[in-house]
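Below: the structure, in structure tokens.
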Amino acid sequence: MKPVKVGICGLGTVGGGTFNVLERNAAEIARRAGRGIEVAQIAARHENPRCNTGDTPITADIFEVANNPEIDIVVELIGGYTLARELVLKAIENGKHVVTANKALIAVHGNEIFAKAREKGVIVAFEASVAGGIPVIKAIREGLAGNQINWLAGIINGTGNFILTEMREKGRAFEDVLKQAQELGYAEADPTFDVEGIDAAHKLTILASIAFGVPLQFDKAYTEGISRLTTADVNYAEALGYRIKHLGVARSTASGIELRVHPTLIPADRLIANVNGVMNAVMVNGDAVGSTLYYGAGAGMEPTASAVVADLVDVARALTTDPNNRVPHLAFQPDSLSAHPILPIGACESAYYLRIQAKDHPGVLAQVATILSERGINIESIMQKEAEVHDGLVPVILVTHRVVEQRIDDAIAALESLSDVVGSVVRIRVEQLN
Ligand code: HSE
């Protein structure tokens with residue numbers, strides 16, 4: 001059978017990796033796809049020194065690829081929202097299938113893109129957009145199709161996890177580790193997307209849609225980054241038996257869907273608490289299967305290329321199939337998406353770690369306990385670090401039971417208004433994941 005012709009737009013870390021994997025594993029890929037997958041054209045502004053493109057035609061104009069009649073599948077690896085959207089819509093308009101690793105594009109413009117793709121009967125595949133090389137989209141969309149998904153929680157930003165791991169294990173400075181993550185090609189073009197949780201929120205938005213069958217709603221995701229985490233809280237969390245991870249959590253409740261990214265205390269003995277470096281992991285809990293865990297490299301040249309190439313194989317196999325009988329983009333039939341709302345963060349439920357800087361007086365703990373109990377907030381554990389009294393202030397650390405966030409907000413406001421409490425109360429959410 002004639003080989004499938006692919007046009008790669010973007011020859012950076014992922015584009016270079018995709019070209020290399022397609023070349024190196026060409027025979028094995030053809031055995032799987034039933035035909036060869038050949039790169040017919042590349043659009044790139046620069047050469048990639050880690051990728052020898054030989055005599056493959058290269059253009060600086062991505063739209064030349066989208067308009068090239070020879071090409072069956074456009075691989076969008078340029079990133080960003082604007083130009084990538086134009087490129088993908090142009091490729092779809094021209095009847096081409098699309099493979100993309102662009103989580104920002106899918107999270108923000110996915111509803112529009114999938115609608116256009118349906119009109120044209122083409123596939124838009126995006127496995128590489130979430131958790132690098134881990135086939136978690138396929139797992140949820142196909143492998144767990146018999147389940148009602150209850151919740152999912154994941155470490156879905158490799159850069160952030162790399163930074164937290166290096167800071168905790170080696171005491172390295174935040175900026176220093178971030179610079180290394182950029183050199184290794186893990187970080188986004190704008191690394192605040194990594195450290196402020198925006199990248200993770202893009203990925204969580206995608207996972208939540210395919211898990212719960214709701215349209216993509218990135219604008220409703222709650223996002224909190226890791227840049228304000230202190231070594232003190234990392235250490236107190238350890239002393240309480242927890243580890244801090246930057247987690248994306250999506251949970252289906254009777255009143256709506258929680259969609260939130262934030263630093264999270266996880267019991268240190270959970271497998272996911274021990275996912276370190278650039279590795280990602282996603283836990284998915286379904287009513288039939290129980291809890292499942294997917295683990296692997298979340299960023300990097302060939303791990304991400306692995307997912308791009310798997311999508312290319314999927315598309316190659318589906319080229320001759322009836323467009324109406326393909327796996328739906330968001331796992332559920334488009335006319336069956338639900339209007340279950342995304343909950344504001346104040347309506348989400350979690351347990352909380354609170355750190356209070358209190359004056360070292362008798363009766364302070366009693367005041368703290370009263371404020372919490374008046375709001376129906378149960379304390380799971382409390383720790384007062386007498387050995388760490390500075391300037392007459394003692395850190396009081398406590399972990400609550402699960403409660404609606406609005407109640408913790410009220411309690412924090414009341415705690416901060418006490419004359420015996422100095423400065424802001426530190427609040428980090430806690431998830432047991434059991
Ligand atoms: N910047 C992203 C990360 C790349 O660090 O996870 C993979 O999506």
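One-based numbering, in listed order, for ligands and for the atoms of each.
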For ligand 1, which atoms, with element, lie under 4.0 Å from some heavy atom of [X]?
X	answer
Lys203	2 (C), 3 (C), 6 (O), 7 (C), 8 (O)
Asp199	2 (C), 6 (O)
Asp194	1 (N), 2 (C), 3 (C), 5 (O)
Lys103	2 (C), 4 (C), 7 (C), 8 (O)

- Message: Residue-level breakdown please: for Ala187 versus ligand 1, do any non-hydrogen atoms fall below 4.0 Å on the side chain, on the backbone, on both, or on neither?
- Response: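 Ala187 to ligand 1: backbone contact only, side chain stays beyond 4.0 Å.
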- Message: Heavy atoms only, cut-off 4.0 Å: how does Thr304 contact ligand 1, side chain, backbone, both, or neither?
- Response: neither
- Task: Kindly confirm or rule out an N or O of Glu188 lying under 3.5 angstrom from an N or O of ligand 1.
- Result: yes
- Would you check whether Ser129 has a nitrogen or oxygen atom less than 3.5 angstrom from a nitrogen or oxygen atom of ligand 1? no
- Stepwise salt bridge (charged side-chain N to carboxylate O under 4.0 Å, His left out) test for Glu183 and Lys179: CA-CA 6 Å; Glu183 284 161 9; Lys179 189 161 168 284; 3.3 Å; yes
- Task: Could you label the plane-to-plane angle of the His262 and Tyr222 rings as parallel, tilted or perpendicular, counting under 30° as parallel and over 60° as perpendicular?
- Result: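 Judged by the thresholds at 30° and 60°, the geometry between His262 and Tyr222 is tilted.
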- Query: Relative to each other, are the rings of Phe114 and His329 parallel, tilted or perpendicular (30° and 60° limits)?
  - Reply: parallel
- Could you go through the side chain to side chain donor-acceptor pair (under 3.5 Å) check for Asn67 and Lys96 one step at a time? CA-CA 9 Å; Asn67 291 322; Lys96 299 187 190 308; over 6 Å; no
- When Arg429 is tested against each of Glu349, Glu258, Glu405 for salt bridge (Lys or Arg N to Asp or Glu O under 4.0 Å), which residue passes?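 It is Glu405, the one option of Glu349, Glu258, Glu405 that forms the salt bridge (Lys or Arg N to Asp or Glu O under 4.0 Å) with Arg429.
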- Query: Which heavy atom of the protein is the closest neighbour of atom 5 (O) of ligand 1, given with residue, atom name and distance?
  - Reply: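 Looking at atom 5 (O) of ligand 1, the protein heavy atom closest to it is Thr159 OG1, 2.6 Å.
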- Item | Step-by-step ring-ring contact (aromatic ring centres under 6.0 Å, His included) determination, Phe212 to His340 | CA-CA 9 Å; Phe212 306 126; His340 209 37; 8.6 Å; no
- Relative to atom 3 (C) of ligand 1, which among Asn280, Asn102, Asn157 owns the nearest non-hydrogen atom?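 Of the listed residues, Asn157 has the closest heavy atom.
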- Who's closest to atom 7 (C) of ligand 1 heavy-atom-wise, of Gly132, Ala101, Gly158, Gly298?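 Looking at heavy atoms only, the winner is Gly298.
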- Query: Counting heavy atoms not belonging to Asp55, are there more than 12 under 6.0 Å from its CG?
  - Reply: no
- Task: Would you verify whether the NZ or CZ of Arg228 falls within 45 degrees of the ring axis of Phe174 while also being under 6.0 Å from that six-membered ring's centre?
- Result: no
